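Notes to accompany the following structure.
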Amino acid sequence: MMMARLEGFLIAMQFFTAIPVRRPMELDQKRIAYAVQSLPAAGLIIGGLLSVVLWLIQSFTPLSVLAAAFAIWLGSILLTGGLHLDGWMDASDACFSYRDKEKRLEIMSDPRTGAFGVLSVLVLLSARFLFIYEVVSGLRFTDYFLIAMIPFVSRIGMGLLLVRVPAVKKEGLAYFFQKDLTGKTVAGTYILFFLIVSGVMAASEPALAVYFWTFTGVQLLFSAAAERKIRKEFGGITGDLLGASAEGGETVLWMTLWLLHYFVMA
């Protein structure tokens, strides 16, 4: 069982990050279920790498705040290979077309990117860079831990959407990961992750736990809004919509950290 869980985690890394995992693995029901359960862990790896890179830049280089912020901004894109950004652009093109559900799904499957997709990704990435830059400008030691939590919490939101919203068609990435899932098992694993991280943070610095709970609450609200929008506009989940939810969730969490700097940590 431990080997199957490890391989499930590696499958999550293969499909949802750009971190190279070259080990061949069987894609059976058990391992796919473990992969979905491992999404927050894959997010924690991404967030941990971003925090370590930021700490190294701040501690051992003369690089400016602007350069450090750019490195974190770019790293968040490179570590996922731009996969989720592609979903954000496709979903934006479909959503802003104001067509019926079938036409939206057709637009989303078109490999070409339209004007709405380009504009929406520019707004998304510009907003995220603003939040990252201002957080790095007023960096505190606790921010390294909170930055690591952003991809972790956003992947919880992604996994919950995958569990709660049925795939709109019996093909594609969303259906592949969803077809054999047990919602209670996934939710139970995510709750365990939440409790472990909460306990570690509360033991080290109580304020960190409060900020983490704030992140979690914001992500749950965002995921609920995303679920309602997806059901209304598309009738179900797709791989592109999962990617869009991850990008949107991360940006909202960066905004949350930015607002905490202004109104709580100041």
Side-chain angles (χ1 to χ4, degrees), residues 16-18 39 42-43 46-47 49-50 53-54 66-98 104 107-137 146-162 165 173-174 215 218-230 232-234 237-262:
F16 296 98
T17 79
L39 283 175
I46 293 173
L49 287 172
L50 293 175
V53 168
L54 180 58
L66 181 62
F70 179 77
I72 300 309
W73 177 83
L74 184 61
S76 68
I77 299 171
L78 295 179
L79 286 171
T80 60
L83 175 67
H84 301 325
L85 283 175
D86 179 69
W88 175 271
M89 290 187 286
D90 289 342
S92 297
D93 275 333
C95 191
F96 290 112
S97 69
Y98 300 105
R104 287 194 186 104
I107 291 170
M108 213 159 32
S109 63
D110 191 331
R112 296 170 296 181
T113 302
F116 287 122
V118 173
L119 287 172
S120 69
V121 80
L122 286 175
V123 170
L124 178 85
L125 292 178
S126 298
R128 189 184 300 173
F129 182 78
L130 168 67
F131 303 144
I132 292 173
Y133 174 75
E134 295 222 332
V135 167
V136 174
S137 295
L146 295 175
I147 289 169
M149 288 298 104
I150 288 176
F152 172 80
V153 174
S154 74
R155 269 40 175 206
I156 290 178
M158 176 194 274
L160 291 177
L161 281 178
L162 192 58
V165 185
L173 186 70
F215 275 11
V218 169
Q219 178 63 56
L220 291 176
L221 289 173
F222 174 82
S223 294
E227 178 182 342
R228 183 177 178 183
K229 183 75 171 176
I230 288 167
K232 179 182 177 182
E233 301 290 341
F234 298 95
I237 201 76
T238 69
D240 282 333
L241 293 172
L242 280 176
S245 74
E247 291 294 340
E250 282 199 29
T251 302
V252 168
L253 290 174
W254 273 109
M255 182 182 71
T256 303
L257 182 54
W258 172 67
L259 290 173
L260 286 172
H261 267 242
Y262 270 98

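Hydrogens, waters and symmetry mates play no part in the numbers below; they use all other heavy atoms, side chains included. The structure displayed is predicted, hence computed values, not measured ones.
- Closest non-hydrogen pair, A244 versus G87, comes out as CB-O, 3.9 Å.
- Between G117 and S120, the shortest heavy-atom distance links the atoms O-OG, 3.0 Å.
- Using a 4.5 Å heavy-atom cutoff, the side chains of S154 and L253 are in contact.
- Atom-to-atom distance recorded for L119:CG and T113:OG1 is 12.0 Å, nearest 0.5 angstrom.
- Residues L241 and T238 form a side-chain contact, since some pair of their non-hydrogen atoms from C-beta on lies under 4.5 Å apart.
- Here the CG atom belonging to L161 is positioned 8.0 Å from the CZ atom belonging to F222, to the nearest 0.5 angstrom.
- Ring geometry for Y98 versus F96: interplanar angle over 60°, hence perpendicular rather than tilted (30 to 60°).
- Rounding to the nearest 0.5 Å gives a distance of 11.5 Å between CD1 of I132 and OG of S137.
- The stretch residues 111-130 participates, sequence neighbours left out, in these salt bridge (charged side-chain N to carboxylate O under 4.0 Å, His left out) pairs: D110-R112, R128-E247.
- Contacts classified as salt bridge (charged side-chain N to carboxylate O under 4.0 Å, His left out) and involving residues 78-94 (residues at least two apart or in different chains) are not found.
- For the pair F116 and S97, the minimum side-chain heavy-atom distance is 4.5 Å or more.
- Among pairs with a residue in residues 71-82, none fulfils salt bridge (charged side-chain N to carboxylate O under 4.0 Å, His left out), at least two apart in sequence or across chains.
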If you look only at distance, which donor and acceptor atoms sit under 3.5 Å apart when one is on a side chain in residues 66-79 and the other is two or more places apart or in another chain?
unit_1: W73; atom_1: NE1; unit_2: L125; atom_2: O; d: 3.0
unit_1: S76; atom_1: OG; unit_2: W73; atom_2: O; d: 2.7

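- Side-chain contact between R155 and F16 is absent, with no heavy atoms from C-beta onward closer than 4.5 Å.
- Put simply, the side chain of E250 does not reach to within 4.5 Å of the side chain of H84, judged on heavy atoms.
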>> Please determine whether side-chain contact (heavy atoms from CB on, under 4.5 Å) holds for the pair F215 and L257, giving the CA-CA distance in whole Å, both sets of side-chain angles, and the decisive distance to 0.1 Å.
In response: CA-CA 8 Å; F215 275 11; L257 182 54; 3.9 Å; yes
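- Nearest heavy-atom pair across A18 and G81 is CB-N, 3.5 Å.
- If you take CZ on F234 and CZ on R104, they are separated by 6.0 Å, rounding to the nearest 0.5 Å.
- Here the CE atom belonging to M89 is positioned 9.5 Å from the CG atom belonging to L122, to the nearest 0.5 angstrom.
- Under the salt bridge (Lys or Arg N to Asp or Glu O under 4.0 Å) criterion, E134 pairs with no residue at all, not counting sequence neighbours.
- Residues T256 and F131 are not in side-chain contact: their nearest non-hydrogen atoms beyond the backbone lie 4.5 Å or more apart.
- In terms of the side-chain contact (heavy atoms from CB on, under 4.5 Å) criterion, residue partners of S223 (sequence neighbours excluded) are, by chain and number, Q219.
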> Going through the checks in order, is the side-chain contact (heavy atoms from CB on, under 4.5 Å) test met by L50 and I150?
Replying inline: CA-CA 10 Å; L50 293 175; I150 288 176; over 6 Å; no
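- In this structure, I237 CD1 and E227 CD are separated by 8.5 Å, a value rounded to the nearest 0.5 Å.
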